[in-house]
Number of protein chains: 2
Amino acid sequence: MKTRPFERLISIEDAIEIVESKITPIDRREKIPIDLTVDRILARDIKAHFNVPPFNRSAMDGYAVIANDTFGAGQFNSKILRIKGSVHAGEVADVEIDRGECVEVATGARMPKNSDAVVVVENTEGEKDTVKIFEPVHLGKNVSNAGGDIKEGEVILKDGELLDPGKIGVLASLGIGEIEVYEMPKIGILPTGDEVCPIGMPLKEGKVYDINSHTVSALVRSNGGVAQEYAIVKDRFEDIKRSIETALENDIIVFSAGSSVGERDILIDVIGEIGKVLFHGVQMKPGMPTLFGMIENKPIFGMAGYPTSCLINSYVFLLPAMRKMARLPRKKYTKIKANISRRVVSTLGRRQFLTVKVRDGKAIPVFKESSTITSVSNSDGFIEIPNDVNLVEDGKEVLVKLWQ
Amino acid sequence: MKTRPFERLISIEDAIEIVESKITPIDRREKIPIDLTVDRILARDIKAHFNVPPFNRSAMDGYAVIANDTFGAGQFNSKILRIKGSVHAGEVADVEIDRGECVEVATGARMPKNSDAVVVVENTEGEKDTVKIFEPVHLGKNVSNAGGDIKEGEVILKDGELLDPGKIGVLASLGIGEIEVYEMPKIGILPTGDEVCPIGMPLKEGKVYDINSHTVSALVRSNGGVAQEYAIVKDRFEDIKRSIETALENDIIVFSAGSSVGERDILIDVIGEIGKVLFHGVQMKPGMPTLFGMIENKPIFGMAGYPTSCLINSYVFLLPAMRKMARLPRKKYTKIKANISRRVVSTLGRRQFLTVKVRDGKAIPVFKESSTITSVSNSDGFIEIPNDVNLVEDGKEVLVKLWQ
């Protein structure tokens, strides 16, 4: 076995900058039904092709009046108007009024011709053909004007906006059933390692189940990406090369192991041959051997193979890259302050991502080894210990970023 | 038209309590592939049926040794061991060592018999059949013990846990490909109103497009629910009754309009006949006419029909109800402090949900009318003005809850 130790590690800031500089927001678009657009990114400006509402309508249940007819009305001094008819919501209002007349209207009903205000039903007392008005209303009172919500010709949503329930409401108000959005980036996930066994198969001696494909896939799926999982790739030059060539159909390629220094970890050689390695080895813990390169303009990550390393790498590097490509805002971690429950010794020269659980205001370290998945699964989140910190004293206040 | 004004409004706290008291977390389970389980709720305890890792393995690339053989080794005082073979990751380790011997091992390789520690390759200098050891290691150094991650028989995940990438890693480590999770609650959404036109159809005079089905659907879909949208229901007793009977196949029924006081808004009568109205009219703005009841143990909401009212109602009442039913934690709003950009007059006796956008530390009210969808779509979030506040002075600090 010939092994190649790391010669130099780059800083995490530099590593992130290199990754970001290589990520281009996705340009491919697709049309999808409105009800599937939530959390997707709108791919064109939306210009209103008609007024919303399309007509003046009553904002309340009551009586459509000519405002002037109500002046001077009061609790003990009602004005009496003649009821000329009624308009329900959704009906064509073919009735018109003159001075001294009114029309009973429901909320949402089109305003009858000549009416210019609505007296709410609570301030009236209707009889057979007449109604007593107990309140004066000014012009436009309780009327929603045509175009008062959205004006015809207005650009009401912009290319690049994240669609949420409110913005989807705008699309619906304009009757748009199919919406052009940006495609979600496709992330090709390639597990490697001769020791890795696919889940669902019996586990042979010396083997362990593939964890990383599934943790990375989950991260991708819950953050606006499409996860494309491939079969386990053998640790051989030709196998890895061929698997990359296939995986180039994706927007980002992730080797969920294969950046370590062992003889068989030859991913770096393959990338070097058919592309370019941009960094290998980062001042971080865990995840130090992280590898990043480009092949035919496709970013490729080689994650450290240990479950905790791979997953934390993915949170640190893959997640922001993928969200930038998807045109999504950065993940917002919920942050809480807590006091660390014991003294923690860190490694100078590497930023440590220490997983913790939070109980009663205490941040309790749960990190065991990078090789364990329970270092993450038993944690609520993580704290970051900077490069230049050697020691976090028991009880010190730390900032915990929560996974969920 | 005979209209029935509200006699009494209940407090928003009471309304929320009534809703919560009627929501039972879902009990139906389904088995789904592991890669679809992210953000779902595990429906049984997971007990490890074997050790993870299943065997002692090397945590580093290097040499598996008997720790005692390395005592006294140093930078200028190497110990020389005979290399008895090598074990790659995934191989069956059929080699065993004696005092003075070692085996070259890769990270993840099963430890050879009798070896009890690993010297990392960086602290060695290998020759053909021997290796110089420059570092003493103690027993267990650089070895991951069988069961060190997860012990056989341990309950490692519990019924009710929210599955995230880390916890999904635990399921993968145990080789479990199909996971039992709780079903997502089904929310039946029924648009009502003779003035409402389905999107995609030409808009006739006096009509407006159905907005609320789509905003409510988006909210449901992005919060762990299944949205089942029904055709527009006519504002007639028999139509509404029949539509409810059909929609009882869901876990929650939402009328996306129909709680107002107009003559045609007869939802309340239907619920009264075939179920029970628990409240109608809440001290809030917008969304005052919100209606809630139970029919055959199914919660039913009647939302105020205006787009902003309906959507804010849905955030306030439906969202927590649905998430409780789904066994999901409450939605965590990102909260930011800002100074309000102008004086706001509120309504005593009603809690106002005022939509705002945030620019340069200012919370700028964007609310126009409840009837407009742009009151929500142009906002970044909302502030809550309590019942007993009449006036928020220009510049006052407010807490904005962001939609996204």
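Bear in mind that the values here come from a model prediction, so they are computed numbers and not experimental data. Chain letters run A, B, ... following the sequence lines, proteins first, then strands; residues in each count from 1. Excluded from the calculations below are hydrogen atoms, water molecules and symmetry mates; all remaining heavy atoms, backbone and side chain alike, are included.
Interface remark: B/L157 contributes no atoms to any contact with chain A (heavy atom separation under 4.5 Å). Looking at B/Q404, the atoms closer than 4.5 Å to chain A (heavy atoms on both sides) sit in the backbone and in the side chain alike. In this structure, chain B has no heavy atom under 4.5 Å from any part of A/M201. Of the atoms belonging to B/I176, it is backbone heavy atoms, and not side-chain ones, that fall under 4.5 Å from chain A. For a residue to count as touching a neighbouring chain, one of its non-hydrogen atoms must lie under 4.5 Å from one of that chain's; by this rule B/I34 touches chain A with the side chain only. With a 4.5 angstrom heavy-atom cutoff, B/D210 touches chain A only via backbone atoms. Neither the backbone nor the side chain of A/I189 has a heavy atom closer than 4.5 Å to any heavy atom of chain B. For chain B, no part of A/P307 is nearby; none of its heavy atoms comes within less than 4.5 Å. For chain B, the nearby parts of A/L219 are the backbone and the side chain; heavy atoms of each come within less than 4.5 Å. In this structure, chain A has a heavy atom under 4.5 Å from the side chain of B/T334, while its backbone stays farther away.
Residues B/D149 and A/I373 are in side-chain contact: their nearest non-hydrogen atoms beyond the backbone lie under 4.5 Å apart.
Of the possible polar contacts, none joining the B/Y209 side chain to the A/V52 backbone as a donor-acceptor pair under 3.5 Å is found.
Ranked by non-hydrogen atom pairs under 4.5 Å with chain A, the options B/L311, B/V216, B/T37, B/V376 are led by B/L311.
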